[in-house]
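The structure under discussion appears below in the form of structure tokens.
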Amino acid sequence: MRETFVTTAEEVLADPRTTIVLADISAAAFAPAAARYPGRVVNVGIREQLMVGVAGGLALTGQRPIVHSYAPFLVERAYEQIKLDLDHQGVGAVLVSVGASYDRAAAGRTHLGPADVALIDTLRDWTVHVPGHPGEVPGLLRDLVCGRDSAYLRLSTQANTRAYPEAGELRVVRDAGPGAPLLVAVGPLLDAALAAVADRPVTVAYTHRPRPFDTAGLRALAGTEVILVEPYLAGTSARVVGAALADRPHRLLALGVGRSDLRRYGTPEDHDRWHGLDAAGLRRSVDAFLTPAAGAAV
């Protein structure tokens, strides 16, 4: 996804309104673009707060800045500047992160960013895009650069085997029939979710745009049991799902990255397993959630 982003970002620099702002991360990858478009790739050094401040200033002049770094550096470290220099000023930018929740787990806690989407969710009217395949990245980035509002594009090394470029609205990828429990998978967790319920009567829908959440699609698909599988902090979208279904009796299981600090390194696959986000862990959680309901029905 990162390589696809760099290639696509070089293409959108043909739009003179576009400037890429970096804080050393990916500076080498953007060196050809910097040479081709002098002054349009700005590297402020290891100063993430300044990076967002520069983007805010560019946006005030009518530019459409693309701001890029690792998720914890871009969102957590520079959150105050996102709040003040973008939101408070009423200007938009495209924030593009790499690293996701734990892609660079071997680098330790400084590079883990599971709370990023929850933090962006405290701001007003942001769109959030979490592609599940590199093939979804180009269309998303091009559309965002053509927009005006602020957007967060969250890239990962983890990916599904198939791309669904048009999956902003909920897209059914497995239909278990009327009344079946609904599992909504966000971004790169779709394959694990499908494997987890492969022999279970569960409808699976996919989205790479958790904000704004497709509440109309959710209401059309949801029965009484809804399972939410997100590749960041567990429960991040629970309030949205709960509000959308507030007038209906329903049960919600919200799965994602746990809040405990594991104090471990390991690999992304290790962290999937430790947080129960691999296929086996998701199956255990889904079975435990659905079994009481099945027993009550009997």
Side-chain angles (χ1 to χ4, degrees), residues 1 4-5 8-9 12 64 66-68 71 74-75 82 92-98 100-101 113-156 158-160 162-174 182-194 203-222 226-245 254-257:
M1 290 188 196
T4 304
F5 158 63
T8 309
V12 301
R64 184 64 168 161
I66 300 172
V67 192
H68 170 63
L74 177 62
V75 178
I82 294 171
V94 181
L95 274 54
V96 183
S97 73
V98 292
S101 291
D116 56 344
V117 176
L119 274 174
I120 292 293
D121 212 21
T122 64
L123 305 171
R124 188 170 59 87
D125 296 334
W126 279 62
T127 60
V128 176
H129 306 267
V130 185
H133 187 279
E136 298 168 6
V137 174
L140 287 173
L141 183 62
R142 293 185 189 110
D143 288 347
L144 295 178
V145 169
C146 290
R148 299 182 62 184
D149 296 330
S150 287
Y152 180 46
L153 179 59
R154 187 186 207 254
L155 308 182
S156 178
Q158 297 179 288
N160 304 313
R162 177 180 172 184
Y164 294 92
E166 306 301 323
E169 310 299 324
L170 290 182
R171 174 173 179 149
V172 175
V173 295
R174 182 174 185 270
L182 172 66
L183 186 154
V184 176
V186 178
L189 286 179
L190 174 61
D191 281 2
L194 285 169
T203 292
V204 178
Y206 171 69
T207 184
H208 53 55
R209 194 203 65 204
R211 295 295 181 278
F213 199 94
D214 180 14
T215 54
L218 176 70
R219 287 181 62 83
L221 295 170
V226 178
I227 302 156
L228 186 61
V229 179
E230 299 179 282
Y232 33 78
L233 198 64
T236 296
S237 295
R239 66 170 186 85
V240 179
V241 174
L245 301 177
L255 301 175
V257 180

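Not measured: the values here are computed from a predicted model. Excluded from the calculations below are hydrogen atoms, water molecules and symmetry mates; all remaining heavy atoms, backbone and side chain alike, are included.
Counting heavy atoms from C-beta outward, Asp214 and Arg209 have side chains that approach closer than 4.5 Å. Between Tyr164 and Val173, some side-chain heavy-atom pair lies under the 4.5 Å cut-off. For the pair Asp125 and Asp149, the minimum side-chain heavy-atom distance is 4.5 Å or more. Taking the side chain as every heavy atom from C-beta outward, Pro212 and Thr127 approach each other to under 4.5 Å. Contact check for Thr215 versus Val240: side-chain heavy atoms found under the 4.5 Å cut-off. Between Pro231 and Val257 there is no side-chain heavy-atom pair separated by less than 4.5 Å. The side-chain heavy atoms of Ser97 and Val75, taken from C-beta on, include no pair separated by under 4.5 Å. For the pair Val67/Leu74, a side-chain contact is recorded, criterion being any heavy-atom separation below 4.5 Å from C-beta on.
Thr236 OG1 to Arg211 CZ: the interatomic distance, rounded to the nearest 0.5 Å, is 7.0 Å.
Take Arg174 and apply the salt bridge (charged side-chain N to carboxylate O under 4.0 Å, His left out) test, not counting sequence neighbours, and it matches no residue. Listed by chain and residue number, Asp121 satisfy the salt bridge (charged side-chain N to carboxylate O under 4.0 Å, His left out) test with Arg239 (two or more places apart in sequence, or in another chain).
Each of Val172, Leu190, Val229, Leu182 was scored for a side chain to side chain contact (heavy atoms under 4.5 Å, CB included) with Val204, with one residue passing: Leu190. The residue from Arg154, Met1, His68 that alone fulfils the side chain to side chain contact (heavy atoms under 4.5 Å, CB included) condition with Val98 is His68.
Side-chain N or O atoms of Asn160 include none that pairs as donor or acceptor with a backbone N or O of His133 at under 3.5 Å.
Nearest heavy atoms, Ala9 versus Leu141: N-CD2, 3.7 Å. The minimum heavy-atom distance between Val130 and Tyr206, with the atom names listed, is O-OH, 4.3 Å. Minimum heavy-atom separation, Val117 to Tyr152: CG2-CE2, 4.2 Å. Between Val137 and Pro131, the closest heavy-atom pair is CG2-CG, 3.9 Å. Residue Gly135 comes nearest to Pro165 through the heavy atom pair O-CG, 4.3 Å, listed as atom of the first residue, atom of the second, then distance. Here the closest heavy-atom approach between residue Leu144 and residue His129 is recorded as CD2-NE2, 3.4 Å.
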Step by step, would you call Arg124 with Ser150 a side chain to side chain donor-acceptor pair (under 3.5 Å)?
CA-CA 9 Å; Arg124 188 170 59 87; Ser150 287; over 6 Å; no
